[in-house]
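It should be emphasised that the depicted structure is a prediction, and the values quoted were computed from it without experimental measurement. Order of the sequence lines sets the chain letters (A, B, ...), proteins ahead of strands, with each chain counted from 1.
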2 protein chains.
Amino acid sequence: MNEKPLSESTEMYLKALAELSAREPVAVARLAERLGVTPVSANEMVHRLDEQGLVSHKPYKGVALTKKGREIASDVLRRQRLWECFLFDHLNIEWAQIYEFACSLEHATAPEVTEALAVFLNHPKTCPRGNPIPEQDGSFEPLNGAPLSEAEVGSVVTALAVNATATDVLKYLQERNILPGREIEIVEAAPMRGPLTLRVEGKEVVLGLSLAEFVIVK
Amino acid sequence: MNEKPLSESTEMYLKALAELSAREPVAVARLAERLGVTPVSANEMVHRLDEQGLVSHKPYKGVALTKKGREIASDVLRRQRLWECFLFDHLNIEWAQIYEFACSLEHATAPEVTEALAVFLNHPKTCPRGNPIPEQDGSFEPLNGAPLSEAEVGSVVTALAVNATATDVLKYLQERNILPGREIEIVEAAPMRGPLTLRVEGKEVVLGLSLAEFVIVK
DNA sequence: GTTGATAATAAGGTCAGCCATAATATTATT
DNA sequence: AATAATATTATGGCTGACCTTATTATCAAC
């Protein structure tokens with residue numbers, strides 16, 4: 001593998017792309033939004049990544065990871081999610097905060113540390129947010145589910161994963177018991193892409209569609 | 001406490017100062033050397049730190065940490081050394097590498113994580129390099145020892161700590177069994193500040209004076 | 001096909017932390 | 001007191017990743 005030192009920013013872009021879409025191109029604007037930068041800045045950065053061969057940007061069509069980029073992104077996700085496991089299972093850090101904390105640690109983690117951590121944790125398959133942890137070779141089984149926002153009204157589904165990254169969003173979902181493993185009944189969907197009414201753990205909660213998109217269910 | 005976000009660079013400078021001297025001013029050139037930057041760059045940075053009230057720089061006299069700077073440095077050292085414990089005791093990372101790896105992690109560690117880590121590790125008092133781990137309030141008992149380079153010929157001492165930070169230096173010392181807890185006999189000191197001849201674990205080793213300065217013994 | 005929204009590009013600016021080179025200041029030594 | 005060695009300051013430059021404010025392309029919808 002090529003072990004050139006990648007900047008923290010590069011890692012964040014690749015990770016965001018991997019999280020936003022397994023394969024289809026992502027609009028630069030969406031990327032900018034998730035990373036909290038202006039579309040112009042994201043565009044610049046995407047150019048740089050394109051030149052490095054990490055992404056392929058087709059103007060007006062979106063950005064996608066190249067093979068090389070996807071490999072690196074897998075590696076970043078592996079580190080990220082292993083740390084999430086450690087923080088949650090061993091340090092008892094609050095669920096909503098682990099993404100944020102793991103994210104910082106991830107950038108600072110040498111390969112030796114990553115693998116030693118995997119051994120220590122006994123090679124977990126998923127992180128506390130329900131997402132799969134890529135193997136060392138980059139492989140992992142994608143989640144077999146769909147966003148809660150697309151679930152049928154009246155059905156009862158099981159949350160598989162929560163794909164949000166912002167701590168306040170995670171906190172909001174945690175408070176409403178929308179966590180991996182929980183059963184969720186879709187009681188009602190307001191018209192015109194309005195919020196969903198759900199029943200979770202016996203309680204009714206109302207959830208905006210954009211938040212529901214973060215929740216992967218089956 | 002003031003929780004302004006300090007840059008990685010700032011943390012490195014404060015840490016280096018804390019490691020180089022508990023109290024007496026340190027020459028800017030020495031600081032530059034340890035941090036691997038040019039004296040001019042170190043000077044600039046020292047100016048910035050002075051303006052922030054973290055150090056006090058008396059031209060031609062040296063730099064020293066202020067109270068505020070020392071507090072932050074303690075915090076940084078705490079994080080650094082807690083990670084060293086984790087990496088060594090739980091991840092079984094090679095002794096010579098833990099400083100380097102812990103250093104990266106340190107910068108990326110939130111206070112909540114630091115304290116959770118301290119609990120997880122059961123509040124260790126020293127790191128694997130033998131250095132004390134500051135308490136949350138910044139207090140710690142300084143090492144009661146002196147550099148090996150100042151030990152008397154013929155005496156037998158015990159290594160308390162190894163203050164080196166560069167991985168290759170640590171590796172060199174590790175290979176010669178110069179590790180915290182080991183007994184060291186000073187067999188001979190070459191004239192004109194030449195190298196020391198030591199007996200460690202039954203074997204004779206020759207050690208340059210500048211390396212011997214890193215080893216704190218009693 | 002024209003138009004309005006969205007996407008992309010261009011141009012110029014900021015900031016931290018480094019760099020080199022050159023000019024001064026200070027200290028220490030003779 | 002002169003000088004050599006060392007410290008400091010001055011100046012100007014670079015880089016990555018961001019920013020704002022135009023301007024120009026393209027797509028999608030009527």
Q) Looking at the rings of A:Phe214 and A:Tyr172, which for Trp means the six-membered one, are their centres under 6.0 Å apart? A) no

In whole angstroms, the gap separating C1' of C:dA16 from CD of B:Glu8 amounts to 13 Å

Practice item. Can you establish whether the number of heavy atoms outside A:Arg30 located under 6.0 Å from its atom CZ is more than 12? Key: no

Considering only heavy atoms from C-beta outward, does the side chain of B:Leu179 approach that of B:Val162 to under 4.5 Å? no

request  = Indicate yes or no: at least one non-hydrogen side-chain atom of B:Glu84 is less than 4.5 angstrom from one of B:Tyr99.
outcome  = yes

Rounded to whole Å, NE2 of A:His57 lies from C1' of D:dA25 at a distance of 12 Å

Kindly indicate whether the side chain of B:Trp83, heavy atoms from C-beta on, has any atom under 4.5 Å from the side chain of B:Val113. yes

Rounded to whole Å, the CZ-P distance (A:Arg30 to C:dT6) equals 14 Å

Taken in chain and number order and not counting sequence neighbours, the residues that satisfy side-chain contact (heavy atoms from CB on, under 4.5 Å) with B:Glu213 are B:Ser149, B:Arg193

B:Ser9 side chain near C:dA16 phosphate (N/O to OP1/OP2, under 4.0 Å): no

Give a yes or no answer on whether the side chain of B:Thr66 reaches the backbone of B:Leu54 with a donor-acceptor pair at less than 3.5 Å. yes

In whole angstroms, the gap separating C1' of C:dT6 from NZ of A:Lys58 amounts to 20 Å

- Query: Backbone N or O of A:Glu135 within a donor-acceptor pair of the A:Ser139 side chain at under 3.5 Å?
  - Reply: no

The contact string for nucleotides 23-30 of chain C, one letter per nucleotide 5' to 3', using protein heavy atoms under 4.0 Å with B, S and - for base, sugar-phosphate only and none, comes out as --BS----

Within residues 38-56 of chain A, those residues having any heavy atom closer than 4.0 Å to DNA chain C are A:Val40, A:Asn43, A:His47

Judged by nearest nucleotide, the residue sitting upstream toward the 5' end of DNA chain D, A:Val37 or B:Ala27, is B:Ala27

